[in-house]
S.K.: 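Provided herewith is a single structure, encoded as structure tokens, for subsequent inquiry.
Both ligands and their constituent atoms are indexed starting at 1 by order of listing.
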Amino acid sequence: MTKTRFAPSPTGNLHVGNIRTALHNFLLARKRGGRFMLRIDDTDAARSEERFVEGIRRDLAWLGMVPDGEERQSARQDLYEQAFARLLADGRIYRAYETAQELELKRKIQLGRGRPPIYDRAALDLTEADHAARLAEGVHPHWRFRLDHGSPIEWTDAIRGPVRFDPALLSDPVVRRADNSWLYMLPSAVDDIEMGITDVLRGEDHVSNTAVQIQMFEALGAAPPAFAHEALLVGSEGKLSKRLGSLGVEELRASGIEPMAVLSLLARLGSSQPVEPIASMQVLVDSFDLASFGRAPARFDEADLERLNAQILHGLDYSTVKDRLPDGMDEAGWLAVRPNLEKLADAQDWWQIVTGPVVTPELDAEDRAYLAEALPMLEWSADPWRDWTGQLKEATGRKGKTLFLPLRLALTGRTSGPDMAQILPLIGEQAARERLERAAAA
Ligand code: GLU
């Protein structure tokens with residue numbers, strides 16, 4: 001059974017890039033009838049905060065992506081210790097002491113000589129006496145995973161196709177700091193094994209981590225999961241923008257964006273499938289296809305989100321939104337204002353043209369005379385607007401804007417808005433006559 005995971009670090013709020021990764025993992029799991037797990041990567045105790053963990057859960061819930069289970073790395077230290085002990089016993093982990101400055105100097109020298117800036121494994125030459133001497137000075141080692149240079153690391157990426165790395169061109173990664181805290185690389189591989197993750201789907205910034213982690217899986221006696229690396233999200237101007245790195249669920253929600261608009265955009269962005277308003281998660285699940293994603297960066301444009309949001313609203317059923325509508329708005333009211341909405345909150349504004357009060361417009365003498373003539377002709381038929389304006393057209397010779405606009409203005413106080421044929425019955429006969437009289441007299 002397919003099991004995916006979304007593994008955010010709780011060091012900040014989720015932004016659209018993270019949400020996209022979460023969504024694709026969710027859709028992949030659902031599509032295959034599998035499970036979607038949340039893994040909180042909180043090994044960095046200094047930067048992880050509980051409020052961000054809660055924020056992640058809340059954001060996923062708002063988007064309709066409740067995980068099938070949750071794990072926290074801070075509660076799984078024993079597993080990492082066991083894996084560490086095993087790799088140490090097998091000679092796959094070694095002690096090193098270089099400081100950040102020393103490593104930086106080595107890198108500069110290598111680059112100066114036109115060599116790839118990878119760790120030179122100098123620490124492998126240290127003797128037990130050398131280690132004992134460091135310890136006597138109170139200097140503790142950090143720990144590196146020794147890559148096997150024997151053969152290339154290869155996998156077939158579900159998005160990038162065949163990928164191949166020469167391990168000799170990668171640095172042996174530091175897996176544990178001198179203070180015994182863990183870095184990302186080993187705990188993630190341990191968790192993927194222990195949690196039974198079958199598919200790791202993440203950003204292409206992790207491609208070289210995957211090469212290293214494949215060797216970790218093998219060193220720990222596990223078959224690596226399937227991997228897919230997505231092109232990163234960029235702003236509409238084509239760069240990884242600051243805005244994208246901070247735009248999160250809270251802000252989207254506050255600005256009136258519907259969850260389905262976010263999901264519709266992020267599910268398809270970067271794929272060959274069209275970005276279109278999709279009203280249900282199930283449709284996104286059914287149409288999700290990893291093979292439709294390409295290697296070109298996916299462009300995120302907030303204008304697309306606004307457009308999708310309006311389109312989603314225009315198709316929403318009354319039963320779906322009724323709890324979020326202004327007091328008293330019934331199905332006819334919803335259907336009348338729905339096509340004019342960009343945000344759901346606009347419904348309140350448009351509903352006011354039904355409930356009033358409306359601002360009485362100042363019309364010129366000619367239009368006031370027109371209203372005075374029109375008023376007695378208004379009959380409260382089954383379709384009052386159409387019948388009335390049909391008659392007015394014949395009686396006055398007015399047409400188009402000159403026929404309709406003074407009536408709309410008098411009845412709603414606005415120059416544009418929802419279809420008057422739908423709005424007039426909602427305003428009701430008495431209020432309509434009062435508004436027309438007031439405008440005719442003003
Ligand atoms: N916590 C890591 C990150 O947010 C997880 C990467 C992964 O999916 O393995 O980048």
S.K.: Do any N or O atoms from the side chain of Asp42 and from the backbone of Ser74 form a donor-acceptor pair under 3.5 angstrom?
M.R.: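 The answer is yes, because a donor-acceptor pair under 3.5 Å joins these two groups.
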
S.K.: Which atoms of ligand 1 are found less than 4.0 Å from any heavy atom of Arg202?
M.R.: 7 (C), 8 (O), 9 (O)

S.K.: Under the 3.5 angstrom rule, does the side chain of Asp286 hit a backbone N or O of Val283 as a donor-acceptor pair?
M.R.: no

S.K.: Do you know which of Arg76, Arg5, Lys3 makes salt bridge (charged side-chain N to carboxylate O under 4.0 Å, His left out) with Asp191?
M.R.: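 The salt bridge (charged side-chain N to carboxylate O under 4.0 Å, His left out) with Asp191 is passed solely by Arg76 among Arg76, Arg5, Lys3.
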
S.K.: Would you say Ala7 has any N or O atom under 3.5 Å from an N or O of ligand 1, going by distance alone?
M.R.: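 Such a contact does occur with ligand 1.
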
S.K.: Against heavy atoms of Ser9, which atoms of ligand 1 measure under 4.0 Å?
M.R.: 1 (N)

S.K.: Out of Thr4, Asn25, Asp41, who gets a non-hydrogen atom closest to atom 1 (N) of ligand 1?
M.R.: Asp41

S.K.: Verify, without hydrogens or angle tests, whether Thr412 (side chain) and Arg408 (backbone) share a donor-acceptor contact under 3.5 angstrom.
M.R.: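 Yes; judged by distance alone, with no hydrogens or angles, the pair exists.
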
S.K.: Look at atom 10 (O) of ligand 1 and say which protein heavy atom is nearest, naming residue and atom and giving the distance to 0.1 Å.
M.R.: His206 NE2, 3.0 Å

S.K.: Tell me if the centroids of the rings in His206 and Tyr184 come within less than 6.0 Å of each other.
M.R.: yes

S.K.: Between Ser181 and Asp179, does a side-chain hydrogen bond (donor to acceptor under 3.5 Å, both in side chains) hold up when you go through it step by step?
M.R.: CA-CA 6 Å; Ser181 64; Asp179 67 1; 2.7 Å; yes

S.K.: Just jot down the ligand 1 atoms closer than 4.0 angstrom to any heavy atom of Ser188, in number order.
M.R.: 9 (O)

S.K.: Considering heavy atoms of the protein only, find what lies nearest to atom 8 (O) of ligand 1 and give residue, atom and distance to 0.1 Å.
M.R.: Arg5 NH1, 2.7 Å

S.K.: Give the atoms of ligand 1, by number and element, whose distance to some non-hydrogen atom of Tyr184 is under 4.0 Å.
M.R.: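 Under 4.0 Å from Tyr184, ligand 1 has these atoms: 2 (C), 5 (C), 6 (C), 7 (C), 9 (O).
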
